[in-house]
S.K.: 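Pasting a structure here, questions to come.
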Amino acid sequence: MKAITLKNVKKEYPGCSVPAVDNLSLEVAEGEILTLLGPSGCGKTTTLRLIAGFERPDQGSIALAGRIVTGPGRWIPPEKRKVGMVFQDYALLPHLTVGENIALGLKKETRGRKVMEMTALVNLQGLENRYPHELSGGQQQRVALARALAHNPVVVLLDEPFSNLDTDLRNYMRREVAKIIKAAGTTAVFVTHDLKDALAVSDRVAVIKDGRLEQVGSPVDIYRHPETEFVATFVGKSTILDGVIGPDGLSVKTAIGTIPCAHTHNHRPGRQVKVSIRPDSFELDPAGDIWGTIKETIYGGNEIEAVLEARTTNGPVDLQVHIHPEEYIREGTELRFHVLPEFVAVIDL
Amino acid sequence: MPEKEIACAENRIAFYWQAALENPSRFRLYIWRGNPPGFIPEALALVTALVMFIPILYVLVRGIQGGWDRWLTLLDTRIPHLLWNTLSLTVVVSLAALLIGVAAAWLVTRTDLPARKIWAWLLALPLVVPPYVGAISYIIVFGPQGLVRNLAGETPFDIYSFGGVAAVLTLFTYPYVFLITSAALKRFNLNYEEAGRMAGLNHLQVFRKITLPLLRPAMGAGVLLVSLYTLSDFGLVSMLRYTTFTTAIYFQMGSFDRLSAAVLSVVLILITLVILWLEYRTRGRQKFVQDAGTFRKPLPFSLGRWRLAGLLGLGTVVAAALALPLSVLAYWSYYGIARGALDGRFLEYTSHSLLTAGAAAFFCAVLALPLVYLKSRHPSPVSSFYEKLAMAGYALPGVIIALGMVFIFNSYIPALYGTAVVLVMAYTIRFLPQAMQAEGASLNQVSPRLDEAGRSLGYPPWQVISRIILPLIRPGILAGMALVFVSAVKELPATLLLRPPGMDTLAVRIWIEASEGFYDMAAPASLLIIIVSAIPLKWLINRF
């Protein structure tokens, strides 16, 4: 049984020409961590709020653990859905202590035991009597998570959980939160616009654009084998080129030459396609076929992001490349590359 | 999600129309922006809003039905004179209050005047002196039988003149402008002024071209409060024997010519609407949004040899608006108490005041809740409409609400007419908006995410309200109750018209004793009202 099933869910806001969520269907398996990834305003938070029951869909149905919570003629209010929610600003009640926040809505008999269990799970023992404002951002987030998990929810929803944390804490909390959720054995849905959040915490990532599902897959899938141009360019950087599937079915003929490609969707040779090449696919090679001049560089410490203006028979083509930081590169440097097949993907036209 | 909603705001009205025509069954969902409230809060808010609005509506209907003859007679005889009296007083008091308020605000926030914090307090304090109490102190000093005449043999000016009325009214209303303007000056983003200096403007040009225009919304809000107060004031003008619409309506009712009173009320309501509209028009076109920027303390402007003049000016205002009334009332209270003013009857008046005001404060606090809850948690054209209905009593003078209550209770509920119920209800209608503002401000500080957190933890909406919202907005509820309580204790015209026979309150006694010249009897009650008014001072000042 799936923990969450969304079927053809549609949500429009009055006066908007474009629906916030457009005919979205999605399944989340029990115990899975799924992330809804997309730019701001793409409908990912609305999707989360539809699952939680803070918004009503115009069409479609949502089921939690096999029970339909919203659908034609059916509406279960949020308090009866057994959904835990971790808000972007944590939404801890300022007039209650950590323990009281976690105990909210719990039955008297189980309260004490549950609070102890939860503070142990999120590693906050001894802070039960503090008030939220006396905690750091990371600790507040743990309290919010503990409060959501205390009810043994069918699913925990996390809305941009890391956006209020600074970089170091953010890296740490990504691991921590994923670990806690896995330890609790709960299903979780994250919402984020940050690629690194999504790739780090998720079992699967669902990329959303304008309320529509673009692609669902494991982080590796999404990064290596984007299926649409939007996924290719939103999930990391990519160069998109027109091409034709080569006769062997494992290469694509493009303006910069024939490129080996591990992921061609089994298209038949000769078909017109677009191909996405990740910057990591271009490897410096004095004997490579691709050559050109560096147009822009951004020194990133662990790598150099650069734009290479490649010379081709049809004129210059800009390529996004990554270069090892030990190289001494500046604008105007002439370089040669070849392409590794791992990070090349054919995109459906 | 929110960005998307804002981006869509433009074609919303067209969308509602279309939705209503195409699919009437979903209309309710649409006009609530997809988020309709529960039945109970909506019913409570709707009933409250209607009850708040009906008396005013009734006055309007009766006034319009008053008949051509009555309208023509009044238009011919009384209305031109009343219009002139009322409008000239409103304009003069507003301008004078603006001048004093802005100058004082600038002096205490931006210059190197000594003890600016203390000055700021002293300049705000006259807000706790009810204008009619202030008027009594001025009659005691400058009246025909006043102190000055007794000492000097003649009065320097006639307190019962237009100038006297305007001056005294200004002294007790300028704090509105002062408080709003100094709050705006404290928030002022100095980068704008510095940009002006960079562009080569001198101090005076910066003040004229940058500071003053950016303070325009604050000054407008202050002047609006002053002019609405002037239109609604009854106590001060009646003490100083000046005739405006409010006193005319009051005396018309006293002579049981209620229809003429209704006709005059319609004109007064129209004037109020015109003023609200004027303020809205002038403000609407120039919307200033100041980025908060990073807060910096402004470098105080060095007054140089003008320092003495500044101190003298502020000193005069504080002396006239605070020191004079307080010392005069203290002296006469001492004199009155020595002659037995604090007798059993005084206690009786006090208890009447406290009981009626306390009941009004309680009802306002309770009835405001559903309205502010809907406005904050279910924002939509419907909740705004309910709010506007309930706020109608705010801008209107107490005499008009009293007239509406007289009409309704006389015609439909005569059993309750002449009981304290009518009085408490009039207070509630008049002062509910104060509770709504205090509670609304408090509720808006509570993130709706907290409600949602409560829902996801298993609380149904009513438990979210009782366990999460109410504990968090308790300070706002108390502030609203205090504001209503004080306003009701001070209220004069509706109390005079609606009190049950024999149930005098402090305010009524002050008015009656002072009208008959027994200042020693009026003074202790006046002082008590000032002390009570000082209770919510912190909230009063923070409101601006």
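Computed from heavy atoms alone, side chains included, the values below leave out hydrogens, waters and symmetry copies. Sequence lines set the chain letters: A, B, ... in the order given, protein chains first and strands last, and positions in each chain run from 1. Just so it is clear, the model here is predicted, and its values are computed rather than measured.
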S.K.: Would you say A:P94 and B:L450 make side-chain contact, with heavy atoms under 4.5 Å?
M.R.: yes
S.K.: Taking the side chain as every heavy atom from C-beta outward, state whether B:R449 and A:M85 have any pair of such atoms under 4.5 Å apart.
M.R.: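 They are not in contact (no side-chain heavy atoms under 4.5 Å apart), so the answer is no.
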S.K.: Out of A:R147, A:K82, A:Q88, return the one with the most heavy atom pairs under 4.5 angstrom to chain B.
M.R.: A:R147
S.K.: Answer yes or no: are there more than 12 heavy-atom neighbours, outside A:K80 itself, under 6.0 Å from its atom NZ?
M.R.: no
S.K.: Is the shortest heavy-atom distance from the side chain of B:S456 to the side chain of A:E79 under 4.5 Å?
M.R.: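 Heavy-atom side-chain distance check fails, nothing below 4.5 Å.
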S.K.: Check the surroundings of atom CZ in B:F363: do more than 12 heavy atoms from other residues, nucleotides or ligands lie under 6.0 Å from it?
M.R.: no
S.K.: With a 6.0 Å cut-off (strictly less than), is the heavy-atom count around CZ of A:R111, excluding the residue itself, greater than 12?
M.R.: yes
S.K.: Quick check on A:D159 against chain B: is it the side chain, the backbone, both or neither that has a heavy atom closer than 4.5 Å?
M.R.: neither
S.K.: If we define contacts as heavy-atom pairs under 4.5 Å, which of A:L104, A:L157, A:V83 has the most with chain B?
M.R.: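 Among A:L104, A:L157, A:V83, the one with the most close pairs to chain B is A:L104.
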S.K.: Measure A:L92 against the heavy atoms of chain B and call it side chain, backbone, both or neither at under 4.5 Å.
M.R.: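 Contact with chain B involves the backbone of A:L92 alone.
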S.K.: In this structure, are over 12 heavy atoms from other groups packed under 6.0 Å from B:L50 atom CG?
M.R.: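 Counting neighbours around CG of B:L50, more than 12 heavy atoms of other residues, nucleotides or ligands fall under 6.0 Å, so yes.
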S.K.: First locate atom CG of B:L457, then atom CG of A:N101, and finally report the distance between them rounded to the nearest 0.5 Å.
M.R.: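 These two atoms lie 9.0 Å from each other.
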S.K.: Working to the nearest 0.5 angstrom, can you tell me the gap between A:F54 CZ and B:R455 CZ?
M.R.: 7.5 Å
S.K.: Tell me whether the count of non-hydrogen atoms from other residues, nucleotides or ligands lying under 6.0 Å of CZ in A:R67 goes above 12.
M.R.: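 Enclosed.
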